[in-house]
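Remarks on the structure that follows.
Since the model is a prediction, treat every value here as computed from it, not as a measurement. Values below: all heavy atoms of this structure, side chains included; hydrogens, waters and symmetry mates excluded.
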There are 2 protein chains.
Amino acid sequence: MKWKELEEEPCSMARTIGVIGDRWTLLILRECFLRTRRFEGFQSALGITRHLLAERLKKLVRQGILRRIPYQESPKRHEYILTQKGLDLYPIMMAIVHWGDTHMVDERGRPLLHQHRKCGKDFDPVIVCSECGEPLSAKEVHTHPGPGARGLPEKSAPEVRKTKTRSRAA
Amino acid sequence: MKWKELEEEPCSMARTIGVIGDRWTLLILRECFLRTRRFEGFQSALGITRHLLAERLKKLVRQGILRRIPYQESPKRHEYILTQKGLDLYPIMMAIVHWGDTHMVDERGRPLLHQHRKCGKDFDPVIVCSECGEPLSAKEVHTHPGPGARGLPEKSAPEVRKTKTRSRAA
DNA sequence: TTTGACAGTTCTATTTTAGAACTATAAGGT
DNA sequence: ACCTTATAGTTCTAAAATAGAACTGTCAAA
């Protein structure tokens, strides 16, 4: 499977991974959320090679995640800013950072804290159900095919039984 | 920057990307959440090459995201199941799927729906503040350095001003 | 004795990435 | 006029990762 094919899979996760699932894209987007807007800014903040940065920015613009906006004529210069589609990636960012904060920190603790302006406190992101507002965990969720399904992962307890589990073990 | 270095960055996002930020790992984990447990199951569901699958499974086990558990002696066979650390990736999965559902679906709609067992309804995941329970958006969040900071992206409105912005533009 | 399920491993060929150097426009200093 | 710096790329070659296919080994069932 190549990158391009990924984006055409009948699976929202596969498609999304086709867009952001590489080593650099999410880090570039992190910088966007931290207000970086220009080529050199990304490059020096991340240490990404200029070649790849140019590639990734192009891709993000093509995908409608960033918009390329001129901020100066002669020499033409542009800034990259998040579109709404890009801003909507924020929950993904937060979820990733939070997992890292929980499972990947060293003795010194979190590198970055997040403060909610409204309530003034440092917070963790919590995922809740849009319908009842309760926090979600994997076990409380049942998946079933939607209108765009094409016989892919529509299951909720699959695969395992079909192998006759000949557990004459030990 | 190589994959290994990424995991040592003083940034929870970089570290997490070092673990799950490639083309296949999240798809393998999706299968885990859909109850796939065995090598052949992953391979046939995803079409990943056996070589890479073996690699990725090893890495996930090393990282403590999957546990390799024998289910049969002679020929020794193992299943891969999610640890708590792995289960904790669920919010990331949901956030990714939801973004894909919102921005990457074709005319036919979502391939997969999620039902919350508790309330019985199909839902979307919503990110809220752990402190006040309000839904979060990027603009309402201010970041500041935590104990594990090392002078990386500790800012909240940086970079842009330091370039004297000579906008004699047009 | 052969076939099939299962879980890998090993190989070569392509694709991606890394790393460094180069291009181009213009401002500013001397 | 000449040199340096800032900015935003592009163009190379080398190294790393991935794809694709074939191969290995253990057992069960036919």
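- An OP1 or OP2 oxygen of D/dG9 is reached within less than 4.0 angstrom by a side-chain nitrogen or oxygen of A/Arg68.
- For the side chain to side chain contact (heavy atoms under 4.5 Å, CB included) with B/Glu31, the lone residue among B/Leu26, B/Ile48, B/Thr36 that qualifies is B/Thr36.
- A donor-acceptor pair shorter than 3.5 Å cannot be found between the side chains of B/His114 and B/Asp122.
- A/His51 has its NE2 atom 17 Å from the P atom of C/dT23, to the nearest Å.
- Nearest nucleotide to the side chain of A/Ser74, out of C/dG8, C/dA18, C/dA26: C/dA26.
- Regarding A/Gln72, its CD atom lies at a distance of 19 Å from the P atom of C/dA24, rounded to whole Å.
- Close to C/dT10, at under 4.0 Å from its OP1 or OP2, lies no side-chain N or O of B/Arg50.
- Note: CG (A/Leu53) to P (D/dT10) measures 10 Å, nearest angstrom.
- Rounded to a whole Å, the CZ atom of A/Arg56 is 14 Å from the P atom of D/dT10.
- Judged by distance alone, the side chain of A/Trp99 and the main-chain N or O of B/Lys85 form a donor-acceptor pair under 3.5 Å.
- Taking the six-membered ring where the residue is Trp, A/Phe33 and A/Tyr90 present tilted rings, their angle falling between 30° and 60°.
- Between B/Tyr80 and C/dG8, a side-chain N or O to OP1/OP2 separation shorter than 4.0 Å is present.
- Rounded to a whole Å, the CD atom of B/Glu40 is 13 Å from the C1' atom of C/dT9.
- Distance from the side chain of A/Ala54 is smallest for D/dG9 among the nucleotides C/dC6, D/dG9, C/dG8.
- Straight-line distance from the CG atom of B/Leu46 to the P atom of D/dT18: 15 Å, rounded to whole Å.
- A sub-4.0 Å separation between OP1 or OP2 of D/dA19 and a side-chain N or O of B/Trp24 is present.
- Cluster note: A/Val126 groups with A/Val128, B/Val126, B/Val128 through ILVMFWY side-chain heavy atoms spaced under 4.5 Å, whether in direct contact or through intervening members.
- Distance from the side chain of A/Thr49 is smallest to C/dA18 among D/dG25, C/dT9, C/dA18.
- A/His78 places its NE2 atom 8 Å from the P atom of D/dG9, with the value rounded to the nearest Å.
- In this model, the phosphate group of C/dT9 is approached by a side-chain N or O of B/Lys58 to a distance below 4.0 Å at OP1 or OP2.
- Straight-line distance from the CG atom of B/Leu52 to the P atom of C/dA13: 18 Å, rounded to whole Å.
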